[in-house]
Amino acid sequence: LEFTGLVHQAVIDIYRSSAQAAERSWQPIELARRHGWDDEPAAGTAYSILATSLVWQGRPEEAEPWVQRAERTVRAEAEPATAVGVYYVRGLLELARGRDADALAAFLAAERLAGRLAAPHQLVPRVRAVLVHALVRLGETERAEEVLANLGERGRDRGEVRIATAVLRLAQDDPDAALAALAPVLDGTGP
């Protein structure tokens with residue numbers, strides 16, 4: 001119960017502060033190590049949180065071993081929700097390294113798995129936002145446009161999706177549309 005609570009708190013922290021999430025993820029990682037749970041899916045979630053926070057801090061080389069540990073713990077067919085998170089962090093890592101095709105493959109795998117879940121997964125909008133980034137980097141602006149169109153109005157209102165939209169509009173040489181997409185985020189009226 002303590003372990004689950006620690007992992008849950010680290011998940012919450014990842015959306016507030018990547019440094020705080022990294023710090024908090026060490027607690028369940030250490031607890032898992034002490035009890036021999038290193039290869040359990042719950043430990044994989046803690047590894048994913050640490051890896052995500054390291055990537056967001058611009059430390060991809062430090063994140064790589066944690067992503068690998070997370071990948072070893074998760075069986076997509078048995079734990080699809082956890083696997084979505086692992087594919088997401090793998091994609092973030094590859095995007096940070098400039099390996100855009102590898103990032104795209106990871107994000108597409110995350111999206112496919114998310115489609116098999118009974119309930120919507122909290123990472124899906126984030127996965128789609130970074131999927132747009134990868135597509136734009138690969139020059140696939142039409143596919144990026146399709147991803148955004150399939151999000152629906154509510155999905156396109158999220159901050160990370162607005163940023164992805166702005167990236168796409170800049171790639172399309174439309175800075176005014178990029179600024180319009182970001183306006184609610186910049187003025188504080190949007191999420």
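Nearest heavy-atom pair across E61 and P65 is O-CD, 3.4 Å. L104 approaches R143 most closely through the heavy-atom pair CD2-NH1, 4.2 Å. Here the closest heavy-atom approach between residue E79 and residue V74 is recorded as O-CG1, 4.0 Å. Of all the heavy atoms in A96 and P60, the pair that sits closest is CB-CB, 4.5 Å. In terms of heavy-atom proximity, T73 sits nearest to G44 at OG1-CA, 3.1 Å. Pairing each heavy atom of A181 with each of R162, the nearest pair is O-NH1, 2.8 Å.
With sequence neighbours excluded, the residues forming a side chain to side chain contact (heavy atoms under 4.5 Å, CB included) with A63 are A51, L54, V55, L93, listed by chain and number. Taking R90 as the reference, E64, E71, E94 meet the salt bridge (Lys or Arg N to Asp or Glu O under 4.0 Å) condition, with sequence neighbours excluded. The side chain to side chain contact (heavy atoms under 4.5 Å, CB included) check on A180 picks up nothing, with sequence neighbours excluded.
The side-chain heavy atoms of V132 and T165, taken from C-beta on, include no pair separated by under 4.5 Å. Within the 4.5 Å cutoff, the side chain of R158 has heavy atoms near those of the R126 side chain. Taking 4.5 Å as the limit, every side-chain heavy atom of Y47 sits out of range of all side-chain heavy atoms of V89.
Linking Ile, Leu, Val, Met, Phe, Trp and Tyr residues whenever their side-chain heavy atoms come within less than 4.5 Å leaves L151 and V124 in two separate clusters. The cluster map of Ile, Leu, Val, Met, Phe, Trp and Tyr, joined by side-chain heavy atoms under 4.5 Å apart, puts V127 and L113 in the same cluster. The same ILVMFWY cluster, assembled from side-chain heavy atoms under 4.5 Å apart, contains both V161 and W56.
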Can you give me every donor-acceptor pair (side chain of residues 166-179, partner residue at least two apart or in another chain, under 3.5 Å) with its distance?
residue	atom	partner	partner atom	Å
R169	NH1	E145	OE1	2.8
R169	NH1	E145	OE2	3.4
R169	NH1	Q172	OE1	2.8
R169	NH2	E145	OE2	3.0
Q172	NE2	E145	OE1	3.1
D174	OD1	A177	N	3.1

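Using a 4.0 Å cut-off between a side-chain N of Lys or Arg and a carboxylate O of Asp or Glu, R33 and E30 qualify as a salt bridge.
Applying the ring pair (Phe, Tyr, Trp, His ring centres under 6.0 Å) test to residues at least two apart or on different chains, none of the pairs has a partner in residues 85-114. Listed by first then second residue, pairs satisfying side chain to side chain donor-acceptor pair (under 3.5 Å) with a partner in residues 102-120 read E111-R128, not counting sequence neighbours.
With rounding to the nearest 0.5 angstrom, the CG atom of L148 is 9.5 Å from the CG atom of L135. The structure places CG of L92 at 11.0 Å from OG of S53, a figure rounded to the nearest 0.5 Å.
With hydrogens and angles disregarded, a donor-acceptor distance shorter than 3.5 Å links the side chain of R137 to the backbone of L95.
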